[in-house]
Amino acid sequence: MKRVFAFIGFSCAITLFILNSFAYNAYLYVLLVCVILFALSLIIKPLRQGKVLPTVLGSAVFACLIFTLTMSGVNTEHNALCGKTAACSFKIIEPYEMTTTGKYSYTVKTEYIKCENSPQNIKVRLFSNDIINADYYDEINGELTFLDSTEKPLNSNGMYSQGVYISAVLDSAEVKPCQSKPPYYYVLKLRQHIKSVLENSFEDQTGALSCALILGDRSLLTDDTVNDFIVSGASHLMAVSGLHIGMLYLAVFYLLYPLKNKRFLGDIICLLAVLFYLSLTGFSKSAIRAGIMLLIIIISKMSDKQPDTLNSLGFASFVICLNPFSAADAGAVLTVLALLGQLVIKPELRSEKIKSRVLGYIINVFISTISILLATLPAMWIYFGRVSLISLLINIVAIPLTQLALLFLFLFIVLFHISPVISYIPYLVSNYSLKALLSVVHFFSEKLSTLYISIDSSILALSIAFALIFIGVSTILLKKPDRRLIAWLSIMIISVGGVLNIYETKTTTTLTVTCDGAVIVEDGGYVTAVGVSSSRDFYLYNRLKTNSKSALLAEGEGEYENGNIRLINDSEKSYLFIYNNVFEISQDYVTINNIRLIRDINHKFSQSADNVFYIKNSQQIYLRRVESG
């Protein structure tokens, strides 16, 4: 059987994604079904001899087993700690982040938790109103109040994949410096040093973008810059992945040019550089996938063998799936699907070789982007409900700028520590590349923001379903199907659905209850907002305001009108009148009919999402939860 790791890796990934979508205990039924089917595939001789089905079902059983074993530990933490306050000793093990409400978010590892029957050495996502003045791995004693968490790993915003199954709020803390540090401490300090060098060497958002590209650290980027990348469909450039790992390999390769006659030594150094870079970026799932595949390529090169890319991707997926919650992590899912689109869909769309290098490059990037867009569309629908069609254009310019910036940023960091003088040329090239990238992303985001569309649409869903049915029927009925023609016709079907979806989105009223408690209504170019308090909500309101006919921010008591929306605001409750629907807004809830949405849901994994009402035809009301980034 060819490509055995492709079957194993993808089978594990699909099984785990399904399991991550279920609540507690439902995974036991999936395990039972997989065991029965696996047994049947071994008993029935034709299936057993075919090998494929037993391999797929065996992989599914393996995935169920590791998920079941891991979930037993998660349940223990939930049952023992949720809703309780306890004295704890813990250490900070990752750089802190700022939440949208201005709180500090830490990933910590507990030494002990003074609570009956509770686990001890666990990771906790810790929220604090003030910064904790402690170094990594210093001993901290304090009181923590543990919060409820989600019943579905898919709703954990990627925290489960990081081994964090519960969150807490810090009530008090006492720091005791610790002199004995583990090896990873020095990696964190180097990461902090590189971030400081980049921040101090480059100006403002140029330095912030350099940290995002090299370290995957977006903490210095402003909301405007992050939004520009998201709307333009270029946010993938800031996730450390194959592009970044490949450019690191090139940078090391050029630095080791004097060792060109000692290929084995050079490959070993490149191998170690990739492994070290993975640790420096925090072992993100996209970086692990890219790192594993590059390591396979280097090892194959050293042994004079040609690697199978699809099999390598399957092996990388299998390694990632050893952490069973990785299949629910948006970054991991998107990076695997993106490369799968490159390997499977792109060859069916690729045209004949074009003599013009420039035209050939443009067509190649365009086809690559279409392939990635099609492959990642289901995940984009599940995780975000939105997709950017601007990426079809922007990648033609943004990808070479990013490659140039990355290559010279790597060289700058290395040469800066040898001599700041000789690092000046890499600094200039990377600086101008980063500034050009920021300008391009901002231009596309500002001018083509209407192509950042919602895909939570029955029309688009039907067009995708119809395209899949068309592919299946054509493959079955035609003896010699023209796969390229079928692929392009399928894209046209989905494109028509996308155009109709844009029209539907523009004629649909949406009411969003954000995870910070604001209520924002969009209707026919009119934007009305109430309860805006956090920086995230102000940013969201201002972004919508720039593309609106009229924007209204209700900050005091009184009666307001904006387009078809009427708002009555008093000290206790507010009422939004949208056509024939009335939304009652109290301090804690937004209520319509029998639906109540909590407004203050910042620290609950189970509700870490924006809630969106879609009001169509002035009457029908639909509710969708959109995961907040």
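Computed from a predicted structure; not experimentally measured.
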**Prompt:** Do the rings of F318 and F5 sit parallel, tilted or perpendicular, given the 30° and 60° boundaries?
**Reply:** tilted

**Prompt:** Going by heavy atoms in the side chains, are M71 and T68 under 4.5 Å from each other?
**Reply:** no

**Request:** Report, as yes or no, whether the 6.0 Å neighbourhood of atom CZ on F443 holds more than 12 heavy atoms from other residues, nucleotides or ligands.
**Result:** no

**Request:** May I ask you to say whether D138 pairs ionically with K176, meaning some side-chain N is under 4.0 Å from a carboxylate O?
**Result:** no

**Test item: side-chain donor near acceptor, S105 and R125, under 3.5 Å** = yes

**Request:** Using a 4.5 Å cut-off on heavy atoms from C-beta on, say whether the side chain of K109 contacts that of I122.
**Result:** no

**pair L198-F202: side-chain heavy atoms closer than 4.5 Å** = yes

**Request:** Identify the two heavy atoms, one from S391 and one from G233, that lie closest to each other, and give their separation to 0.1 Å.
**Result:** CB-O, 3.7 Å

**Message:** Any side-chain to backbone donor/acceptor pair from K91 onto V108? Under 3.5 Å, distance only.
**Reply:** no

**Request:** Indicate the ring-plane relationship of Y106 and Y96, choosing parallel, tilted or perpendicular according to the 30° and 60° boundaries.
**Result:** tilted

**Message:** Just verifying a value: how many Å separate S445 OG and I394 CD1, rounded to the nearest 0.5 Å?
**Reply:** 8.0 Å

**Nearest non-hydrogen partners of I113 and P119, listed with the distance** = CD1-O, 3.5 Å

**Prompt:** Hey, are the side chains of N20 and F17 touching, using non-hydrogen atoms and a 4.5 Å cut-off?
**Reply:** no

**Prompt:** Got I140 and E174 here, is their nearest side-chain heavy-atom distance under 4.5 Å?
**Reply:** no

**Item:** Verdict with reasoning, F410 to Y277, per ring-ring contact (aromatic ring centres under 6.0 Å, His included)
**Value:** CA-CA 11 Å; F410 284 126; Y277 184 59; 5.6 Å; yes

**Asked** Would K189 and Q192 count as a side-chain contact (heavy atoms from CB on, under 4.5 Å) if you check the C-alpha gap in whole Å, the side-chain angles of each, and the deciding distance to 0.1 Å?
**Response** CA-CA 5 Å; K189 297 301 286 185; Q192 187 175 317; 3.9 Å; yes

**Request:** Please check if the side chain of N431 supplies one atom and the backbone of Y427 the other of a donor-acceptor pair under 3.5 Å.
**Result:** no

**Request:** Show your reasoning for whether side-chain contact (heavy atoms from CB on, under 4.5 Å) applies to C88 and N141.
**Result:** CA-CA 6 Å; C88 301; N141 296 311; over 6 Å; no

**Asked** Just how far is it from atom CZ of F62 to atom CG of L16, taken to the nearest 0.5 Å?
**Response** 9.0 Å

**Item:** F416 and F412 aromatic centres sub-6.0 Å
**Value:** yes

**Request:** Examine the side chains of S430 and S433 and answer whether a donor and an acceptor come within less than 3.5 Å of each other.
**Result:** no

**Message:** If only side-chain N and O atoms count, and only distance matters, is there a donor-acceptor pair under 3.5 Å linking Y185 with D135?
**Reply:** yes

**Message:** Testing the basics here: between V274 and G291, what is the closest heavy-atom pair and its distance to 0.1 Å?
**Reply:** CG1-CA, 4.2 Å

**Message:** With rounding to the nearest 0.5 angstrom, report the CD1 to CD1 distance, I214 to I194.
**Reply:** 8.5 Å

**Asked** Given V124 and L81, is the side-chain contact (heavy atoms from CB on, under 4.5 Å) satisfied, shown in steps?
**Response** CA-CA 11 Å; V124 177; L81 294 172; over 6 Å; no

**Request:** Give, for atom CD1 of I230 and atom OG of S235, the distance between the pair rounded to the nearest 0.5 Å.
**Result:** 6.0 Å

**Complete:** Output for pair (L437 CG, L213 CG), nearest 0.5 Å, gives 7.0 Å

**Message:** Would you say that L220 contacts K195 through its side chain, given a criterion of any heavy-atom pair below 4.5 Å between the two side chains?
**Reply:** yes

**Prompt:** When you measure from the side chain of T110 to the backbone N and O of Y112, does any donor-acceptor pair fall under 3.5 Å?
**Reply:** no

**Request:** Give a yes-or-no answer on whether the side chains of S219 and D217 include a donor-acceptor pair shorter than 3.5 Å.
**Result:** yes

**Message:** Does atom OH (Y184) have a neighbourhood of more than 12 heavy atoms from anything else shown, all under 6.0 Å?
**Reply:** yes

**Request:** Report yes if the side chains of C178 and Y137 come closer than 4.5 Å at any heavy-atom pair, otherwise no.
**Result:** no

**Message:** Testing the basics here: between T206 and K435, what is the closest heavy-atom pair and its distance to 0.1 Å?
**Reply:** OG1-CG, 3.7 Å

**Message:** Would you say that more than 12 heavy atoms from the other residues, nucleotides or ligands in this model lie under 6.0 Å from the CD of E203, or not?
**Reply:** no

**Asked** How many angstroms lie between atom CG of L337 and atom CD1 of I372, to the nearest 0.5 angstrom?
**Response** 11.0 Å

**Message:** Please give me the minimum heavy-atom distance between A86 and C115, naming the atom from each residue.
**Reply:** CB-CB, 4.1 Å

**Request:** Spell out, as yes or no, whether a donor-acceptor pair under 3.5 Å connects the side chain of R191 to the backbone of L280.
**Result:** yes

**Request:** Give the C-alpha distance, both sets of side-chain angles, the deciding distance and a yes or no for ring-ring contact (aromatic ring centres under 6.0 Å, His included) between F127 and Y104.
**Result:** CA-CA 6 Å; F127 297 98; Y104 296 90; over 10 Å; no

**Request:** Could you go through the side-chain contact (heavy atoms from CB on, under 4.5 Å) check for Q120 and E111 one step at a time?
**Result:** CA-CA 6 Å; Q120 296 303 307; E111 296 289 311; over 6 Å; no

**Prompt:** Can you check whether T225's main-chain N or O pairs, donor with acceptor, with Q205's side chain at less than 3.5 Å?
**Reply:** no

**Request:** Decide if atom CD of E97 counts as having more than 12 heavy atoms of other residues, nucleotides or ligands within a radius under 6.0 Å.
**Result:** no

**Prompt:** So with a 6.0 Å cut-off around OH of Y432, is the heavy-atom count from everything else above 12?
**Reply:** no

**Item:** Donor-acceptor contact below 3.5 Å, side chain N323 vs main chain S161
**Value:** yes

**Prompt:** By side-chain hydrogen bond (donor to acceptor under 3.5 Å, both in side chains), which residues pair with S232, not counting sequence neighbours?
**Reply:** none

**Request:** Verify the neighbour count for atom CG of L275: are there more than 12 heavy atoms of other residues, nucleotides or ligands below 6.0 Å?
**Result:** yes

**Message:** Regarding S172 and E143, do their side chains bring together a donor and an acceptor under 3.5 Å, going by distance alone?
**Reply:** no

**Request:** Heavy atoms only: give me the nearest L278-I245 pair and the separation to one decimal.
**Result:** CD2-CD1, 4.1 Å

**Prompt:** Are the side chains of L126 and L144 in touch, meaning some heavy atoms are under 4.5 Å apart?
**Reply:** yes

**Prompt:** Is it the case that D171 and T145 place a side-chain donor and acceptor less than 3.5 Å from each other?
**Reply:** yes

